[in-house]
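First up is the structure itself, then whatever we jot down about it.
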Amino acid sequence: MVSHLEAYIEQLEVKKANILTGIEMMNKFQNEAWTNVTDFVANPLNSFALIRHMQSDWAYWQLYMEEPVGEDHMKSIRDNLDSLPTDVDLRDAAMGITLIHDYYHLDVKDVARGLLAGVQYNATFSVSDCFWIAKNAYENGHFKGAEQWLLAALQANKSEEDPEPTEANIYEKLAEARLALGMRAEALKDLEAALDWAPTNARLLQKKQELRVDLLMNTTQSPEVMDFRHEDMCCSGLCSPRVKNMFCIYYDAGSPYLLLAPVKTELYSLDPYVALYHDVISPNDASFIRETHKLLLTPSDSYDVFTNTSSVSDYRTAKSVWYDPEQDEVIQRIEHLVGELTHTDTNASEIYQIINYGIGGHFIRHVDYRQVKRVFSEPDRLATMIFYLSDVPQGGATLFGKLDLAVFPKLGSALMFHVLNSTGDFEDKTEHTGCPVIVGSKWIMNKWIQYLGQEFKRPCPVGGDHKNIAYEVQDL
Ligand SMILES: O=C(O)CCC(=O)C(=O)O
Ligand SMILES: [Fe+2]
């Protein structure tokens, strides 16, 4: 894009140079003429040349001026516009930043100067970056976030190229955010500060006047403020000891196939069953899956069990795509491993879902079972397997709030948890959250194994000891 802009400017320069040469020649001719106009035009050679110039040269100049410059470069830029971030991408990115400081309880001013959850990065936000995020938060009704970002804007470095926002703009918006938060006295001070920077601004004077009257009369009710804070969860994984009774094994799931290469397994919880299998996807296969799907991703849908509909939702800021287990040799290999490792019939499962989370990408607290009333009459999910297809430098844990367990993505590993027990009861402790990504890009691949269809692989335990649903647990 930049090279097209450069080439466009070069063509403009050539046109400018041609016009300047023309002007120089005409000035020379004109100066000669003006020294003695009467004598000059009396000479037929001169008057002919003058008439000819006036007749045809100006037509030429008009055509030359109208001729578009750098059309091919403009077209190339136009053609590339589709691949640039959209307005929605920008809003998502701004919302992602807001989520990062909300979920990880970070000070907005720290975020603005590149200090992210204890790590200092060599990047800072400019005043206009902070102002933009503040405006976006304000438009989404997140007034507290808007206030914090405006305060950060007042402290951020103003780059020379940014004519906007001025201090007056920032204080004016801060007053708006604080009014929305019911902080009227503070808002008045902000308007006064704005007026210090723009003393003759009539709009600010009027706003200040109205607010003063309002404060004197004390007639305005305090607005109801929506609370955007997310429940106190521990996405950092540092709030409580990670796992109390975790143990590690080399696990073969009773499969002859895995007997030769048992899987390094961290068992986090037996009831409900939650385990992390290491090195089940090679870096090459993970990279193959990412590369073959990255252009196919679309903004994720979320399924609403109550309305039985799917829609692009704010609950999950991510892009995703489905991946058929028949599609290629890589996924067939993985499908085979899933069957052996989970001791389930993979024919009774959904196709794979690949998800990519960008800045602040997250999936709010949810359960994976579909919450249908009778699992025996309607299909439901028995277990979830999340394959981590990338490392994530910071953030992006899968958090089980009720188990005090945060599992951090590690390229090649797979997290497995049972969301129903053998009677089809919901394992509500498997409620989980995809924590916002702070730095990096998180790639996962989900596999949901269905409850129905496992009758032969996982018959119900005799005597109704439902806790023994996990084949793996019986084995230990
Ligand atoms: O991103 C994660 O860690 C969790 C994803 C998840 O829970 C889901 O897709 O259902
Ligand atoms: Fe989930």
Side-chain angles (χ1 to χ4, degrees), residues 96 99-100 103-104 230 233-237 242 266 268-269 272-277 281 286 289-290 293 297-305 310-323 338 349-371 380-420 426-451:
L99 286 167
I100 290 174
Y103 269 74
Y104 295 93
H230 294 87
M233 345 195 226
C234 194
C235 276
S236 65
R242 244 184 99 196
E266 288 180 40
Y268 294 130
S269 161
Y273 182 79
V274 185
L276 184 69
Y277 304 123
I281 295 193
I289 297 173
R290 293 195 310 265
H293 289 88
L297 295 164
T298 53
S300 280
D301 281 357
S302 227
Y303 177 73
D304 186 333
V305 281
S310 292
S311 56
V312 174
S313 95
D314 298 338
Y315 298 116
R316 170 160 49 182
T317 45
K319 291 188 167 180
S320 62
V321 61
W322 295 97
Y323 188 12
V338 170
S349 64
E350 296 169 45
I351 61 175
Y352 291 75
Q353 185 190 34
I354 296 169
I355 304 181
N356 176 221
Y357 300 91
I359 306 172
H362 75 300
F363 192 172
I364 68 162
R365 198 158 54 95
H366 66 284
V367 288
D368 279 0
Y369 44 82
R370 290 208 182 270
Q371 292 168 297
D380 204 343
R381 291 165 174 170
L382 167 71
T384 299
M385 204 151 179
I386 299 177
F387 293 94
Y388 296 110
L389 301 181
S390 68
D391 288 318
V392 179
Q394 247 193 311
T398 308
L399 176 76
F400 296 85
K402 293 184 175 166
L403 299 173
D404 276 340
L405 169 64
V407 181
F408 285 87
K410 185 164 175 296
L411 171 63
S413 59
L415 176 67
M416 155 109 176
F417 48 98
H418 287 199
V419 300
L420 297 186
F426 305 136
E427 294 278 27
D428 63 347
K429 283 193 190 149
T430 60
E431 179 184 87
H432 56 283
T433 306
C435 292
V437 172
I438 302 179
V439 173
S441 170
K442 174 181 170 187
W443 284 84
I444 61 167
M445 180 166 75
N446 284 322
K447 172 76 172 174
W448 285 291
I449 296 163
Q450 290 292 322
Y451 187 81

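Every number for a ligand or one of its atoms is a count from 1 in the order of the listing.
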Structural part of T433 in contact with ligand 1, heavy atom criterion under 4.0 angstrom
neither

Heavy atom under 4.0 Å from ligand 1: found in F408's side chain, backbone, both, or neither?
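Near ligand 1, F408 shows nothing, with every heavy atom at 4.0 Å or more.
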
To check you understand the geometry: which heavy-atom pair defines the closest contact between F387 and I281, and what is its length?
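Closest heavy-atom pair between F387 and I281: CD2-CD1, 3.5 Å.
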
Where is the tightest heavy-atom contact between G360 and L99, given as atom of each residue plus distance?
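Minimum heavy-atom contact is O-CD1, 3.8 Å.
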
A side-chain contact here means heavy atoms from C-beta on lying under 4.5 Å apart; do [X] and [Y] qualify?
X    : Y    : answer
W443 : R290 : yes
I449 : V338 : yes
Y277 : M416 : yes

I need the full list of salt bridge (charged side-chain N to carboxylate O under 4.0 Å, His left out) pairs touching residues 433-443, with sequence neighbours left out, sorted by first then second residue.
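Non-adjacent pairs meeting salt bridge (charged side-chain N to carboxylate O under 4.0 Å, His left out): zero.
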
At what distance, to the nearest 0.5 angstrom, does CZ of F408 lie from OG of S236?
6.5 Å

CD1-SG distance between I364 and C435, expressed to the nearest 0.5 angstrom
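These two atoms lie 12.0 Å from each other.
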
Tell me, please: is F417 in heavy-atom contact with ligand 1, that is, under 4.0 Å?
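Per 4.0 Å heavy-atom rule, F417 does not contact ligand 1.
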
Is H362 near ligand 1, meaning one of its heavy atoms is under 4.0 Å from it?
no

Is it the case that more than 12 heavy atoms not belonging to I354 sit under 6.0 Å from its CD1 atom?
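Counting neighbours around CD1 of I354, more than 12 heavy atoms of other residues, nucleotides or ligands fall under 6.0 Å, so yes.
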
[X]: numbered ligand 1 atoms lying under 4.0 Å from its heavy atoms:
X    : result
Y357 : 1 (O), 2 (C), 5 (C)
T398 : 2 (C), 3 (O)
H432 : 6 (C), 7 (O)
W448 : 10 (O)
I355 : 9 (O)

Is any N or O atom of [X], backbone or side chain, closer than 3.5 Å to an N or O atom of ligand 1?
X    : result
Q353 : no
D368 : yes
Y388 : no

Check: H432 ring centroid to F417 ring centroid under 6.0 Å:
yes

Measuring centre to centre across the rings, with the benzene-like ring taken for any Trp, is H362 within less than 6.0 Å of Y103?
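Judged by ring-centre distance (under 6.0 Å), H362 and Y103 do meet the cut-off.
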
Spell out the protein N/O/S atoms under 2.8 Å from the Fe ion (ligand 2) as residue plus atom name.
H366 NE2, D368 OD1, H432 NE2

Pick one: which of V419, T430, I386, D380 meets side chain to side chain contact (heavy atoms under 4.5 Å, CB included) with D368?
V419

